[in-house]
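Here's the structure we're looking at; comments come further down.
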Amino acid sequence: MTKNTDKQHILDIRYLRMARIWAENSYCERRKVGAIVVKDKMIISDGYNGTPEGFENVCEDSNHITKPYVLHAEANAITKLARSSNNSEGATLYVTASPCIECSKLIIQSGIKRVVYGEKYRLEDGINLLKRAGVDVEYLEVE
């Protein structure tokens with residue numbers, strides 16, 4: 001690695017750790033996921049998986065199945081950006097789990113150009129879609 005890529009790798013690890021900490025805010029029991037959007041070394045948005053604003057903070061039903069209206073961390077971070085004056089064009093998304101195909105569509109449309117994720121999911125259709133759209137995707141194991 002060159003010195004510049006060493007610095008980027010260190011930043012990637014730090015931001016992914018921050019996304020993990022942010023995931024702790026989730027009320028979901030089955031899986032807690034966090035995401036942050038970074039542009040020009042500034043965090044411009046964040047999100048974690050959970051229910052929409054105004055709903056009770058209960059993500060699973062009595063059978064421990066995730067309720068259909070629960071938002072993913074990436075979707076929360078991207079929609080939060082839409083309510084701000086920030087712009088995600090060219091930004092990097094750090095997310096604790098690989099994006100699903102629906103979140104990948106949002107990522108592409110938001111102009112995010114790089115995704116760093118820390119946990120692989122059994123389905124890779126979201127990752128494949130991001131790559132097909134020219135988004136730089138990187139899996140990063142962080143202890």
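Residues: numbered from 1 along the sequence shown.
For Asn25, the side-chain contact (heavy atoms from CB on, under 4.5 Å) partners at least two apart in sequence or on another chain are Trp22, Tyr48. For Asp125, there are no salt bridge (Lys or Arg N to Asp or Glu O under 4.0 Å) partners at least two apart in sequence or on another chain. With sequence neighbours excluded, no residue forms a disulfide (SG to SG under 2.5 Å) with Cys103. With sequence neighbours excluded, the residues forming a side-chain contact (heavy atoms from CB on, under 4.5 Å) with Arg20 are Thr96, Val142, listed by chain and number. Cys100 is linked by a disulfide (SG to SG under 2.5 Å) to nothing, counting only residues two or more places apart in sequence or in another chain. Every residue two or more places apart in sequence or in another chain was checked for a side-chain hydrogen bond (donor to acceptor under 3.5 Å, both in side chains) with Arg14, and none qualifies. Residues satisfying the side-chain contact (heavy atoms from CB on, under 4.5 Å) criterion with Lys113, sequence neighbours excluded, are Glu89.
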Exercise answer: donor-acceptor pairs, residues 60-69 side-chain atoms, under 3.5 Å, sequence neighbours excluded:
residue, atom, partner, partner atom, Å
Glu60, OE1, Glu29, N, 3.2
Glu60, OE2, Glu29, N, 2.9
Glu60, OE2, Arg30, N, 3.0
Asp61, OD1, Asn63, N, 2.8
Asp61, OD1, His64, N, 3.2
Asp61, OD1, Ile65, N, 3.0
Thr66, OG1, Arg30, NH1, 2.9
Lys67, NZ, Glu56, OE2, 3.1
Tyr69, OH, Glu56, OE2, 3.0

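The disulfide bond (SG atoms under 2.5 Å apart) contacts involving residues 35-97 comprise Cys28-Cys59, where partners must be two or more places apart or lie in separate chains. For residues 76-96, the ring pair (Phe, Tyr, Trp, His ring centres under 6.0 Å) pairs, not counting sequence neighbours, are Tyr15-Tyr94.
Grouping Ile, Leu, Val, Met, Phe, Trp and Tyr residues whose side-chain heavy atoms lie under 4.5 Å apart, directly or via other members, places Tyr139 in a hydrophobic cluster with Val33, Val37, Ile44, Ile78, Leu81, Leu93, Val95, Ile101, Leu106, Ile107, Ile108, Ile112, Val115, Tyr117, Ile127, Leu129, Leu130, Val135, Val137. Alongside Val58, the hydrophobic cluster contains no other residue (criterion: ILVMFWY side chains under 4.5 Å).
Under the 4.5 Å side-chain criterion, counting only non-hydrogen atoms from C-beta, Lys80 is not in contact with Asn86. Annotation: side chain of Lys131 is not in contact with side chain of Glu124 (no heavy-atom distance under 4.5 Å).
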